[in-house]
Amino acid sequence: MTRQRLAGIGGIVRKENGEMIMTFSKSINLSTNNACELQAALYGIEWCHGNSNFHIILEMDSLMVIRDMDCEVRHCFREANAVANSLARYATIGDIHEIYSREDDMPDSTRGPLRMDMLNLVSFRFKKGKHSGWHYEPP
């Protein structure tokens, strides 16, 4: 039996030229990362269809989820998905269900990744490494 936990989903909908149409951040209770990725994709697709946007190109950073979908989906690395990841992270702080149509309305923690994305700048992910126990001292 898998344990349910508070998780968050987030995404960004853009025009063909990259201009933001809307972003979303929503708290959910799911058990796996892949389930969260699928829920975010479904939420974005439903929003697009509900707002008469029918030509959709979905970009995700989960290859496992992409393989299971029967539509045009493009893989992007996590570093290229920083806006969605920051929105999902924001949604984990509590019971949140927000749609933002303006950058100024977005949470502070998500504006930086959006600005970098709009400028086509690379977003680096720094991960605290585990110490291997090896230590090199030059002669």
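In this structure, Tyr100 and Met22 have side chains that are not in contact, with every pair of non-hydrogen atoms separated by 4.5 Å or more. Side-chain contact check for Arg14 versus Glu19: every heavy-atom pair is 4.5 Å or farther apart. By the 4.5 Å heavy-atom criterion applied to side chains, Ile99 and Thr23 are not counted as neighbours. By the 4.5 Å heavy-atom criterion applied to side chains, Asn29 and Leu6 are counted as neighbours. Using a 4.5 Å cut-off on side-chain heavy atoms (C-beta onward), Val13 and Cys48 make contact.
Qualifying side chain to side chain contact (heavy atoms under 4.5 Å, CB included) partners for Asn34, counting only residues two or more places apart in sequence or in other chains: Thr32, Ser62, Met64, Val65. Partners of Asn51 according to the side chain to side chain donor-acceptor pair (under 3.5 Å) rule, which considers only residues two or more places apart in sequence or in another chain, do not exist here. Residues that satisfy the side chain to side chain donor-acceptor pair (under 3.5 Å) test with His49, not counting sequence neighbours, are absent from this structure. With sequence neighbours left out, Tyr90 forms a ring-ring contact (aromatic ring centres under 6.0 Å, His included) with no residue at all. In this view, Glu103 and Arg115 satisfy the salt bridge (charged side-chain N to carboxylate O under 4.0 Å, His left out) rule, not counting sequence neighbours. Residues that satisfy the side chain to side chain donor-acceptor pair (under 3.5 Å) test with Asp108, not counting sequence neighbours, are Arg111.
Taking both residues in full, the closest heavy atoms of Gly10 and Ala88 are given as N-CB, 3.6 Å, listed atom of the first, atom of the second, then distance. Ala40 and Ile9 get closest at one heavy-atom pair: CB-CB, 3.8 Å. Of all the heavy atoms in Ser25 and Ile96, the pair that sits closest is O-CG2, 3.7 Å. Closest approach of Thr92 to Ala7, counting heavy atoms only: CG2-C, 3.7 Å.
Atoms CD1 and CD, from Ile57 and Glu16 in turn, are 7.5 Å apart once rounded to the nearest 0.5 Å. Here the straight-line distance linking atom OG1 of Thr110 with atom CG of Asp117 works out to 11.5 Å at 0.5 Å rounding. If you take CG on Leu87 and CG on Leu114, they are separated by 8.5 Å, rounding to the nearest 0.5 Å.
Checked against a 6.0 Å centroid threshold, the rings of Tyr43 and Phe24 count as neighbours.
Enclosure of atom CG in Asp104 by more than 12 non-hydrogen atoms of other residues, nucleotides or ligands within 6.0 angstrom is indicated.
A donor-acceptor pair under 3.5 Å is formed between the side chain of Ser86 and the backbone N or O of Ala82.
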